Amino acid sequence: MEFAALAERAEGVAANDGDIETTLAVAELLADAGAAGGVEGDGPTDDLPVVVRFLLGRVFPAHDTRTLDVGPARCREAIARAAGPNVSAADVEDRLAERGEIGAVAAAYDFGGQRGLAAFGSGRDALTAAAVDEALRGLAAESGDGSESRKEDALFGLFTRCSPSEAAFLARLVLGEMRLGVGEGTVRDAIAEAFLASPGGSEAESDAEDEPELRASAEAVAAVERALQVTNDYGRVAVRARDEGTAGLRGESLRVGRPVQAMLAQAGTAVDAVDSFGEVAVETKFDGARVQVHYAPADAGPGRTEGLGPRLYSRNMDDVTGALPEIVEYVADRVDVPIILDGEVVAVDDDGDPLPFQEVLRRFRRKHDVDRMRDAVSLRFHAFDCLHADGDDLLDRPLRDRHDRLRAVLSDAAADLTLADDPEAVAAEERAALDAGHEGVMLKNPEAAYTPGDRGRDWLKRKPDVETLDAVVVGAEWGEGRRAELFGTFLLAVRADDTDPDGDDPAPAGYATVGKVATGITDEALADLTERLEPQVVDEAGTTVAFDPELVVEVGYEEIQTSPTYSAGYALRFPRFVGVREDKGVDDADSLARVRRLAGEE
Ligand code: AMP
């Protein structure tokens with residue numbers, strides 16, 4: 001496909017506003033590019049993968065760690081040179097300041113005269129998308145002495161052959177500022193529409209004749225999405241869809257050495273997790289940097305002799321292998337089958353306890369002084385997922401199975417996964433994680449698949465209580481067994497001028513009860529509370545006592561619900577003792593009005 005045709009049509013796509021129109025325009029462009037393979041230079045070329053990547057503003061697929069590495073100054077210089085002897089890089093910069101966008105600046109210069117000469121002199125035809133791709137890949141491969149100026153020369157050469165719309169497209173592509181309004185979702189849908197929609201499709205059933213419609217089925221779109229998840233390569237997926245259809249897409253699989261997007265988490269509470277998953281997989285949330293580990297040991301069985309040394313990728317799929325040599329050695333020493341693992345690298349102190357996130361950053365993307373920093377900041381790898389092991393793609397397996405495989409391939413580094421089915425058990429895990437110096441816990445659906453790039457509801461990062469409540473202790477129950485000499489459960493109240501306590505309510509006048517707390521209190525705190533509260537007892541019935549309102553405690557909770565159980569008309573769900581508010585008297589305790597607000601009632 002001619003580069004000029006692509007550049008002009010891309011402008012047309014950018015001008016489309018409706019989503020369906022954009023998708024249809026992109027689909028048409030892809031269908032044309034897909035049909036327009038040609039022969040150039042060394043052999044046949046296929047424009048389709050190039051056009052797909054260019055539309056997304058990329059030269060290389062997302063998993064490919066190569067970059068053009070051309071800075072804005074270098075690009076402006078190339079434009080100035082191509083624009084002729086009267087134009088300087090400073091002029092280009094001035095125009096950029098006026099127009100605010102490199103594409104418009106490049107399009108405003110007239111490269112035409114030179115283009116004619118260059119084309120004439122070299123006998124070259126018009127630029128094709130494939131030729132631009134090849135030139136840019138060559139440019140990306142430049143390294144060492146003089147590489148900067150060779151890159152500039154290559155760009156200059158391209159610009160001299162450009163029409164205004166080609167120059168605009170090229171400048172935006174090179175600087176990663178494509179901004180066509182064509183997102184990844186649009187390209188995904190357009191691939192399905194261009195190559196997988198059956199002719200006629202849903203249009204036949206449509207009443208409204210001139211309403212544009214997409215014809216590709218949801219299954220076709222899902223097949224494209226799936227292939228994108230495992231390959232991370234829009235160009236490759238488009239070709240596969242065109243040549244082999246849905247069945248071909250289903251044949252795409254993970255490849256060791258080709259990173260996939262990380263699965264992401266939403267914020268959620270323990271109650272959310274228990275309500276949605278029933279049984280919850282609780283893991284420590286490590287405060288470090290995400291790392292995906294790919295490794296294929298050289299001698300891992302027949303046909304796999306070549307191998308691939310451990311490669312480490314960041315959450316953005318940058319190759320960070322060179323910065324983390326001890327993780328590379330650690331994996332190479334322990335793993336003896338091909339694997340793709342997901343995990344977190346954490347900085348640790350001499351005792352192996354985790355250090356704050358900032359410490360790991362001192363190591364993470366480092367290119368120089370790696371050995372010196374290795375001595376200064378020690379790292380530990382915690383693996384929490386296994387995407388591939390020994391030839392098996394595990395994305396569709398439930399988390400609990402993936403975790404079993406993880407333990408089998410790298411037991412030392414596998415994060416503990418604890419199953420819990422009530423929020424209190426989750427809270428206990430969270431306390432243990434916090435006590436060990438970690439960030440908190442992740443709550444995962446043990447039955448869920450691994451969905452690359454997805455920020456779904458199957459992984460929740462536990463949201464800390466947003467606001468705690470300062471409540472007055474107005475009663476207690478004696479503990480049981482070992483704790484019979486101590487109070488065990490405390491009745492909490494808030495200030496409530498307007499309540500009219502009925503005869504049953506144990507809250508003194510001016511207070512309304514909101515719940516009982518028994519969780520989160522250490523033995524030491526319990527002894528202290530008992531000692532302080534025993535003298536305040538004003539009434540006793542069986543194992544239950546009432547106090548004069550004096551002590552204010554801070555409590556966390558999952559949520560506040562309306563409830564007939566307590567005189568406030570609200571109850572704290574899963575209250576947790578945080579501590580005594582030594583600084584507060586009962587008049588400073590929270591009021592019923594605040595409880596109503598926290599419950600979202602006011
Ligand atoms: P956040 O960065 O706050 O959105 O939290 C999600 C991040 O927590 C992930 O991208 C991981 O880097 C990190 N993380 C730490 N521990 C875990 C774990 N056990 N499971 C998943 N992600 C984790």
Side-chain angles (χ1 to χ4, degrees), residues 62 229 232 259-270 272-273 277 279-293 312-318 320 323-324 327 340-348 352-361 363-365 379-387 394-395 397-407 410-420 425-426 428-466:
Q229 284 182 348
N232 242 310
V260 299
Q261 291 190 37
M263 181 163 174
L264 301 170
Q266 285 186 22
T269 65
D272 293 339
F277 316 147
E279 200 168 37
V280 181
V282 188
E283 284 171 9
T284 296
K285 184 169 194 286
F286 305 100
D287 193 10
R290 188 91 175 247
V291 164
Q292 200 173 98
V293 179
L312 311 178
Y313 300 95
S314 73
R315 176 165 157 171
N316 297 331
M317 294 180 285
D318 294 334
V320 292
L324 310 170
I327 311 291
I340 302 177
L341 305 180
D342 191 3
E344 192 93 347
V345 169
V346 179
V348 292
D353 292 329
L355 292 170
F357 167 66
Q358 287 73 10
E359 291 297 310
V360 83
L361 290 188
R363 293 282 319 268
F364 203 58
R365 283 169 202 282
L379 299 179
R380 193 173 158 194
F381 176 53
H382 295 278
F384 48 72
D385 220 311
C386 181
L387 281 49
L394 305 171
L395 293 182
R397 305 273 184 85
L399 170 64
R400 49 170 101 233
D401 292 359
R402 299 198 306 275
H403 230 273
D404 288 344
R405 289 300 285 269
L406 174 61
R407 272 192 299 277
L410 189 58
S411 59
D412 292 2
D416 285 336
L417 182 153
T418 309
L419 294 169
V426 172
E429 289 297 324
E430 185 179 18
R431 268 197 307 283
L434 292 171
D435 287 349
H438 297 294
E439 204 185 354
V441 285
M442 299 286 297
L443 308 177
K444 300 182 179 177
N445 179 355
E447 304 306 330
Y450 190 101
T451 42
D454 190 27
R455 191 184 289 284
R457 296 289 300 165
D458 282 326
W459 284 18
L460 300 175
K461 44 188 172 184
R462 203 193 94 73
K463 194 170 58 173
D465 303 313
V466 221

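Ligands are counted one by one from 1 in listed order, and the atoms in each one are counted from 1 as well. Fair warning: this is a prediction, and the values are worked out from it, not measured in the lab.
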Q: Please check if the side chain of D272 supplies one atom and the backbone of T269 the other of a donor-acceptor pair under 3.5 Å.
A: yes
Q: Distance check, rounded to the nearest 0.5 Å: M263 atom CE versus R455 atom CZ?
A: 11.0 Å
Q: Check side-chain contact (heavy atoms from CB on, under 4.5 Å) between L394 and all other residues, then give those that pass, not counting sequence neighbours.
A: C386, A389, D392, R397, R402, R405
Q: Per the side chain to side chain contact (heavy atoms under 4.5 Å, CB included) rule, which among L406, N445, D385 passes with L399?
A: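 Result: among L406, N445, D385, D385 is the only option passing the side chain to side chain contact (heavy atoms under 4.5 Å, CB included) with L399.
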Q: Note down each nitrogen or oxygen pair, ligand 1 side and protein side, whose separation is under 3.5 Å; give only atom names and the distance to 0.1 Å.
A:
unit_1: ligand 1; atom_1: 3 (O); unit_2: K285; atom_2: NZ; d: 3.3
unit_1: ligand 1; atom_1: 3 (O); unit_2: K461; atom_2: NZ; d: 3.4
unit_1: ligand 1; atom_1: 4 (O); unit_2: K461; atom_2: NZ; d: 2.4
unit_1: ligand 1; atom_1: 5 (O); unit_2: K285; atom_2: NZ; d: 3.2
unit_1: ligand 1; atom_1: 10 (O); unit_2: R290; atom_2: NH1; d: 2.8
unit_1: ligand 1; atom_1: 10 (O); unit_2: R315; atom_2: NH1; d: 3.4
unit_1: ligand 1; atom_1: 12 (O); unit_2: E344; atom_2: OE1; d: 2.6
unit_1: ligand 1; atom_1: 12 (O); unit_2: E344; atom_2: OE2; d: 3.4
unit_1: ligand 1; atom_1: 16 (N); unit_2: F286; atom_2: N; d: 3.0
unit_1: ligand 1; atom_1: 19 (N); unit_2: E283; atom_2: OE1; d: 2.8
unit_1: ligand 1; atom_1: 19 (N); unit_2: T284; atom_2: O; d: 2.9
unit_1: ligand 1; atom_1: 20 (N); unit_2: K444; atom_2: NZ; d: 2.9

Q: For F286, give me all partners under ring pair (Phe, Tyr, Trp, His ring centres under 6.0 Å), at least two apart in sequence or on another chain.
A: H382, H438
Q: List the residues meeting side-chain hydrogen bond (donor to acceptor under 3.5 Å, both in side chains) with Q292, not counting sequence neighbours, and say none if there are none.
A: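 Expected list: H294.
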